[in-house]
Amino acid sequence: GLPKEAGSKEHKMSIFPTKILLATDGSKEATLAARTAADLARKTESELHLLHSRAVPMLIEADSEAARDVPYAEETARREAQKVLDAQVEQIKALGTKVTQTHVRLGWPVEQIGILAEEIRAGLIVMGSRGLGGIKRALMGSVSDSVVHHAHCSVLVVRAGENWQVTAFSQRILLATDGSKNATLATQAATEIATKTGADLHLVHVKLPPYDSSYFEGINTGDYLQDEEAAELKRNAQELLNKQVNQIQAAGGRVVQVHPRVGIPQAEITDLAEEIGAILVVVGSRGRGT
């Protein structure tokens, strides 16, 4: 997600180079996120910072016997966290990318990621996601989801799939745009990433049918539209996409293909990403903060 705050007065400036903060937990998903962050940092000449955060021991009575164990537990947590970072640094160095600094923090990861990103004035947070779905996501939530919603800078969530070992920026980028001010920075970021990494840039704009969107959840809205209605909505989507293409070309970028769609944006965007084999989806976000 790309926050509104960063795009208000600075949307004409270059996104890169910037400070990239890689939040890692040493998992398979974090390994791909590390490769992605290293690749992007190298190709955009950006600084790369690494963070590993661990939960601190629960608060206990100060005069209890267990209180004496807290400093030891914290020191143990710091050592283990540093081991995770050291291993990640070696992997990144092997890819030919320099790590500017590593950071160990004790506390709730979402909070620590946000605090450190503001401290170092990061322009992009990169992290992995296990891609929990359905009831697991409802019950457990997601650190990456929370960071996307609350961070004041852009966030790149790397999700592991069948081809998780492939370098992230080797294929197609899908930019989902609605032509709003919030989408301006997203367009700029997607264009820069595609240009600097050699990826193909695809654009999609989804027109919502003139019905209650909740009614259509999980079904194909196109089946409930008259041909004339669907055609008119697609024409409107095409017009918006044409304007976006002109702006991108004026900035020196290149769009491989545009995709006017009609339906529920979330479903259409994710379906299209799978159809074209997109390795990255870029969308705008208001960056709501705490």
Side-chain angles (χ1 to χ4, degrees), residues 1-2 15-18 20-25 27-46 48 88 91-92 94-97 123-133 142-145 147-148 151 153-177 183 185-206 241 244-245 248 251 253-259 261 265-285:
L2 296 154
I15 305 297
F16 300 102
T18 188
I20 298 175
L21 175 59
L22 169 66
T24 180
D25 61 4
S27 64
K28 182 182 78 170
E29 291 79 9
T31 298
L32 177 58
R35 297 181 64 174
T36 303
D39 191 27
L40 190 57
R42 185 173 63 256
K43 290 179 178 177
T44 62
E45 299 180 340
S46 296
L48 181 57
Q88 202 79 85
Q91 293 175 1
I92 291 172
L95 297 172
T97 301
L124 178 67
I125 296 170
V126 180
M127 57 193 308
S129 172
R130 289 177 173 81
L132 296 175
S142 165
V143 171
S144 57
D145 280 353
V147 173
V148 166
C153 65
S154 302
V155 182
L156 171 55
V157 179
V158 182
R159 178 160 294 160
E162 292 181 2
N163 298 320
W164 71 275
Q165 295 177 323
V166 178
T167 300
F169 299 109
S170 59
Q171 301 178 42
R172 301 176 182 89
I173 294 174
L174 177 61
L175 167 64
T177 180
L185 186 61
T187 299
Q188 183 181 346
T191 302
E192 282 196 56
I193 293 172
T195 301
K196 292 178 182 293
T197 62
D200 291 339
L201 180 60
H202 290 244
L203 263 62
V204 61
H205 176 64
V206 183
L241 288 171
Q244 293 290 309
V245 170
I248 290 172
R254 185 177 71 90
V255 176
V256 172
Q257 190 174 351
V258 298
H259 305 266
R261 291 284 183 111
Q266 298 94 316
E268 294 293 332
I269 293 168
T270 52
D271 286 350
L272 178 59
E274 291 185 10
E275 288 174 18
I276 68 173
I279 205 73
L280 175 67
V281 177
V282 181
V283 296
S285 171

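- Atoms OG and CG, from Ser129 and Leu156 in turn, are 11.0 Å apart once rounded to the nearest 0.5 Å.
- Under the rule for a side chain to side chain donor-acceptor pair (under 3.5 Å), Thr195 has no partner lying at least two apart in sequence or in another chain.
- Between Arg261 atom CZ and Ile269 atom CD1 the span is 10.5 Å, to the nearest 0.5 Å.
- Partners of Thr18 according to the side chain to side chain donor-acceptor pair (under 3.5 Å) rule, which considers only residues two or more places apart in sequence or in another chain, do not exist here.
- Asp145 places none of its side-chain heavy atoms less than 4.5 Å from the side chain of Val157.
- Listed for the Ser46 side chain is no donor-acceptor partner under 3.5 Å among the backbone atoms of Arg42.
- In this structure, OG1 in Thr197 is found 6.0 Å from NZ in Lys43, a value given to the nearest 0.5 Å.
- Under the side chain to side chain donor-acceptor pair (under 3.5 Å) criterion, Gln91 pairs with Gln88, sequence neighbours left out.
- Partners of Asp271 according to the side-chain contact (heavy atoms from CB on, under 4.5 Å) rule, which considers only residues two or more places apart in sequence or in another chain, are Glu275.
- Partners of Thr191 under the side chain to side chain donor-acceptor pair (under 3.5 Å) rule, at least two apart in sequence or in another chain, do not exist in this structure.
- With sequence neighbours excluded, the residues satisfying side-chain contact (heavy atoms from CB on, under 4.5 Å) with Gln257 are His202, His259.
- Between Leu40 and Leu48, every side-chain heavy-atom pair lies at or beyond the 4.5 Å cut-off.
- Between Leu95 and Asp39 the shortest side-chain heavy-atom distance does not fall below 4.5 Å.
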